2 protein chains.
Amino acid sequence: MPGDIATSALARRVNAARILAKLRERPPERAEMSSGDLVDATGMSRPTVHAAAHHLVELGWVRETTDRVDGRLSGRGRPSRVFSFVANAGHVLGIDIGAHSVRVAVADLRGVFVAEARIAFGDPSVGPEQRITQVRKLAVEVVRTAGLRDEQVLAVCVGTSGPVDADGVVQQRTGIPGFLGVDLRAALARDFSAQVYVENDCNLALIGERWRGRAGASQDVVCLLAGERLGVGMCTGGTLVRGQANSARDLGFLSLMGDYSRDDGIARAVRRRGASLVAEVAARDTPPLPGTPGAELSALTGGDPRRVSASDVFEAVRRGDLDAAGALEEGLETAARAIATLTMLLAPELVVITGAVAAAGDVLLPPLRRRLTELVPRVPRVEASPLREQAVVTGAVRLALDTAETDFLDPLAPAPTA
Amino acid sequence: MPGDIATSALARRVNAARILAKLRERPPERAEMSSGDLVDATGMSRPTVHAAAHHLVELGWVRETTDRVDGRLSGRGRPSRVFSFVANAGHVLGIDIGAHSVRVAVADLRGVFVAEARIAFGDPSVGPEQRITQVRKLAVEVVRTAGLRDEQVLAVCVGTSGPVDADGVVQQRTGIPGFLGVDLRAALARDFSAQVYVENDCNLALIGERWRGRAGASQDVVCLLAGERLGVGMCTGGTLVRGQANSARDLGFLSLMGDYSRDDGIARAVRRRGASLVAEVAARDTPPLPGTPGAELSALTGGDPRRVSASDVFEAVRRGDLDAAGALEEGLETAARAIATLTMLLAPELVVITGAVAAAGDVLLPPLRRRLTELVPRVPRVEASPLREQAVVTGAVRLALDTAETDFLDPLAPAPTA
DNA sequence: CGTTTTTATGAAGGAATTTTATTTAAGGCG
DNA sequence: CGCCTTAAATAAAATTCCTTCATAAAAACG
């Protein structure tokens, strides 16, 4: 911590963290690093690397693989000691509580998902207590499926719609009925002895994108979590934008720009306009001929407006339905304006579209980019995420991993004034 | 730096920085700190404090005041050694190049201004080369006034309208005609051997406000630099929002909300509406009677719309002119919308209005706050800055001080692999 | 089997911290 | 005036981390 006074114990902690980071970053199939590799990678001296690595071995997060794999001894001289990260020295739990479903993932320390589950909330009128019971049940079940005992779960991170205060209580309105004031941290703490962190889902989506999605290590990124609702996570200079006390921080400003609602996610907006189109086509005197505007979408949905989904519109656009393309473009207007505003204000290098609709990036991005060129002088890169619905739970796992690692390393540098 | 490997030299640098910071933070009239005070303040052991303090004394930024002030020896035992920050061990130069004037300040290491100057650009059609010549001349002159030689100026920071790239070149359009592409860093480097930093003026205003203005140490602040033009500086989680490569990051989004221009600063907007009001009153058949709407403003300006200034409108409002109050409210609309958007997006705890119009906070803030309650669900604190026109140059000095201190401390921890 | 090559590891040295003990400078008081 | 108390400076020793250097060890090659 920056407030600590610098003593030699701090040096050890910092250097151990560097070694651990190098080992953890390796892909599982090439996890092993010789001490020589570590010396090259960290710039530290060989004895220091040895000491730190052995220390980490004692603590259990690093293993020395003495039994070398078959005959692949490359060099000439004395063989290196080889270390590798022990990914299953602990696990973390990530949870994404959405409006319609819950997604849970258990990951090992390298972030490899070892168990996943998802349930849909059937009845939308189900009360918050019942939802939380379902979430807890699912979480416990997944951990059991992964073959883990409670104490092997080192950290839990829960993402949910709406701002979350420092104590893990949902503030303000959310997309989930009745979740206002719910203490998610306390709820999950009943099942797990590990620390529980609660975070806004859009922030987690951004973290997920920076970890395993499109955002890479970009310093200035905006992440649009788009599905039934529209949310945004931002990061400037590599720092997540949280707002005072983690409070409200959303797309509410869209209401200042006219009749745009932050609740209107891309999927919902596109579906609604697609349904209007189908209804309009059905009302015509003549049935739509294949190849004429509106025909593809009507054909896909059997001419029933209630059966239209966003995917249908996307598919119709792919098949060349010009009316569907128009509906899509209208449905993107809210998102385009949100991105335009954020672009002018924050100047991100990249905007990532994630959530369910990211799967339709192929049809979504061209009109979105085109609209942006009309709205802003300099258009940033706009990409669709490969993580899609997994973005939030991925970010939850990443945040849980970060806290687990911090907790692991902290005792290495005990405060002298303890 | 975080990329460094942790060695004992790093510890020394960090600890020296802590001691220096404690000494620097003291107000000039109570600058002295005994070693006991430093032990208490830093938590470090006494020998360490001694060593670090003596090291700083050798380097010249700290002085040991052996000659104790009169008889005020408090304690019983051996008197403490007393250290104090040597504020004039070096100086920095802050420059604010505005559309209409240049402001320059020389400050000592504690940030006390020892010389200031300001000139107005008379002819608006004067070319950029000439302006820069004027700026350089003024800067050199002020440094000479302060009685300083070139090598005593440890850092120079220049603030100017418009985004600035990493090399100190003004990008994009600015409020200053012809400044696009001007390399301010190179220009100032001709007169000073110290490092020259160029930064956007709104960012500097924010830095200034956090240092000596209303923003205090708030982590999430928005600072509106309002005068002839409207600009914004933001900071979230204590980090300045810069955008990719320090690029554009402004209120351009206002254009998405209708006919609002980022160039319409509060002073200009209010003046324009005040002028319209005076013209309208003048066109009436009957001359305005004292006490009737519009009369105060007309009286203040002799009924001449061209003579109306923003201050006149503010003064008329103070005297109870209801029409002037209406003009003021209209003039605040753009700023209100900008603040509303930023509030919903970033959830700052505080919005600071700075620049020339901040002097009229008494009449400005009530209608602004009222309008905000209509626009956003949760209104943050909105305050007017006491720094006013000094905000940018104050921030420039602060940034220069930061870099000077970094440069001073860095050699304490030489990279082992140099 | 010796040589070569590369790495592991021990030992020494240096630099920063801490704790502990001693010295020093002042004030209080008989 | 001289001794005692007090609190700080400082010296000394211990600790812990890093480094460099030297030596030992283990494998491959001729």
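Chain naming here is simple, since letters A, B, ... match the order of the sequence lines and numbering starts at 1 in each. Treat the numbers as computed from the prediction; the structure is a model and nothing was measured. Heavy atoms only: backbone and side chains are in, while hydrogens, waters and symmetry mates are out.
- The distance from atom CD of A/Glu64 to atom C1' of C/dA8 is 10 Å, rounded to the nearest whole Å.
- Of the candidates D/dC17, D/dT20, C/dA16, C/dA16 carries the atom nearest the B/Ser8 side chain, counting heavy atoms from C-beta on.
- Between the side chains of B/Asp150 and B/Ser193, a donor-acceptor pair is found at a separation under 3.5 Å.
- Between the NE2 atom of A/His55 and the C1' atom of D/dC17 there is a distance of 13 Å, given to the nearest Å.
- Across all strands, A/Arg81 comes closer than 4.0 Å only to sugar-phosphate atoms, never to a base (heavy-atom distances).
- Distances shown here put a side-chain N or O of A/Thr48 below 4.0 Å from the OP1 or OP2 atom of D/dT19.
- Under the 30°/60° scheme for interplanar angles, the aromatic rings of B/Trp61 and B/Phe408 are found to lie parallel.
- Taking side-chain N and O atoms only, A/Ser35 has a distance below 4.0 Å to OP1 or OP2 of C/dA8.
- The CZ-C1' distance, from B/Arg46 to C/dT20, rounds to 14 Å in whole Å.
- Taking only side-chain nitrogens and oxygens, A/Asn15 never comes nearer than 4.0 Å to OP1 or OP2 of D/dC17.
- Within the 4.0 angstrom heavy-atom criterion, no nucleotide atom of any strand lies near A/Ser34.
- Distance from the side chain of A/Ser80 is smallest to C/dT7 among C/dT7, D/dT19, C/dA16.
- In summary, A/Glu209 and A/Arg214 do not engage in a salt bridge, as defined by a charged side-chain N under 4.0 Å from a carboxylate O.
- Between the CZ atom of B/Phe83 and the P atom of D/dA8 there is a distance of 13 Å, given to the nearest Å.
- Residue A/Arg78 is the one, among A/Arg78 and A/His54, whose nearest nucleotide of DNA chain C lies closer to the 5' end (criterion: closest heavy atom).
- Residue B/His50 contributes atom NE2, which lies 15 Å from atom C1' of C/dT19 at whole-angstrom precision.
- Taking a cutoff of 4.0 Å between a charged side-chain nitrogen and a carboxylate oxygen, B/Arg24 and B/Glu405 qualify as a salt bridge.
- As a whole-Å value, the separation of B/Leu10 CG from D/dT16 C1' is 16 Å.
- Nucleotide D/dC18 holds its P atom 12 Å from the CZ atom of A/Arg18, rounded to whole Å.
- Atoms CZ and CG, on B/Arg210 and B/Leu240 in that order, are 8.5 Å from each other to the nearest 0.5 Å.
- The distance from atom CE of A/Met33 to atom C1' of C/dA8 is 18 Å, rounded to the nearest whole Å.
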